[in-house]
Amino acid sequence: MDRVAQLASQKAVVIFSKSSCCMSHAIKRLFYELGVSPAIHELDEDSKGREMEWALKSLGCSPSVPAVFIGGKLVGPTNEVMTLHLNGSLIPMLKDAGAMWL
């Protein structure tokens, strides 16, 4: 849990992902297309990935990937991020966190 919290606060946008997950790919792509450069942690490529995955689940992120943090706070998985994007709340959140300036 401490490692997840530490990594989640390293950058304005942090994504915990798996390299083989299509939804993780879609979320990463969304942020790149918005001009955001997130920190990405591929759990399947990290020696502590399983522990971090359990920590994400215990935080309420289900499914555990992709797990998106903005400004150090858990936003959630794909459905939460897409809901924010579609209702117009995502971009102001990104601006407030310092992830984008336009």
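Start at 1 with the first residue, then count along the sequence. Remember, predicted model here, so these are calculated numbers, not experimental data.
Across all their heavy atoms, P66 and C21 have their closest contact at CD-SG, 4.5 Å. The heavy-atom pair separating A12 from A99 by the smallest distance is CB-CB, 3.7 Å. Contact detail for A67 and L56: the closest heavy-atom pair is CB-CD2, 3.8 Å.
Looking at D44, its side chain never comes within 3.5 Å of a backbone N or O of K18 through a donor-acceptor pair.
Applying side-chain contact (heavy atoms from CB on, under 4.5 Å) to V75 and the options V81, T83, I15 leaves one that passes, V81.
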Problem set entry | Worked check of side-chain contact (heavy atoms from CB on, under 4.5 Å) between S62 and K57 | CA-CA 6 Å; S62 179; K57 284 182 181 179; 5.9 Å; no
For this session: Test side-chain contact (heavy atoms from CB on, under 4.5 Å) on K11 and V14 and set out the steps.
Result: CA-CA 6 Å; K11 206 165 179 185; V14 177; 4.2 Å; yes
For this session: Could you go through the salt bridge (charged side-chain N to carboxylate O under 4.0 Å, His left out) check for K28 and E42 one step at a time?
Result: CA-CA 11 Å; K28 290 183 274 191; E42 300 288 358; 2.7 Å; yes
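Going from atom OG of S17 over to atom CD of E45 covers 8.5 Å, rounded to the nearest 0.5 Å. Separating the CZ atom in F16 from the CD1 atom in I27 is a distance of 15.0 Å, to the nearest 0.5 Å. Distance check: H85 NE2 to L30 CG gives 5.0 Å after rounding to the nearest 0.5 Å. Rounding to the nearest 0.5 Å places CG of L84 at 9.0 Å from CG of L94. The distance from the CH2 atom of W54 to the CD atom of E51 is 12.0 Å, given to the nearest 0.5 Å. Of the inter-residue distances, the one linking H41 atom NE2 with F69 atom CZ reads 10.0 Å to the nearest 0.5 angstrom.
Side chains of E80 and P77 form a contact here, defined as non-hydrogen atoms less than 4.5 Å apart. Residues L34 and L90 form a side-chain contact, since some pair of their non-hydrogen atoms from C-beta on lies under 4.5 Å apart. Side chains of R50 and L43 form no contact here, defined as non-hydrogen atoms less than 4.5 Å apart.
The 12-atom threshold is not exceeded at CG of D2, counting heavy atoms of other residues, nucleotides or ligands nearer than 6.0 Å.
Under the 4.5 Å side-chain heavy-atom criterion for grouping Ile, Leu, Val, Met, Phe, Trp and Tyr, M82 is connected to V13 within one hydrophobic cluster. In this structure, F31 is not a member of the same hydrophobic cluster as M23, with clusters built from ILVMFWY side-chain heavy atoms closer than 4.5 Å.
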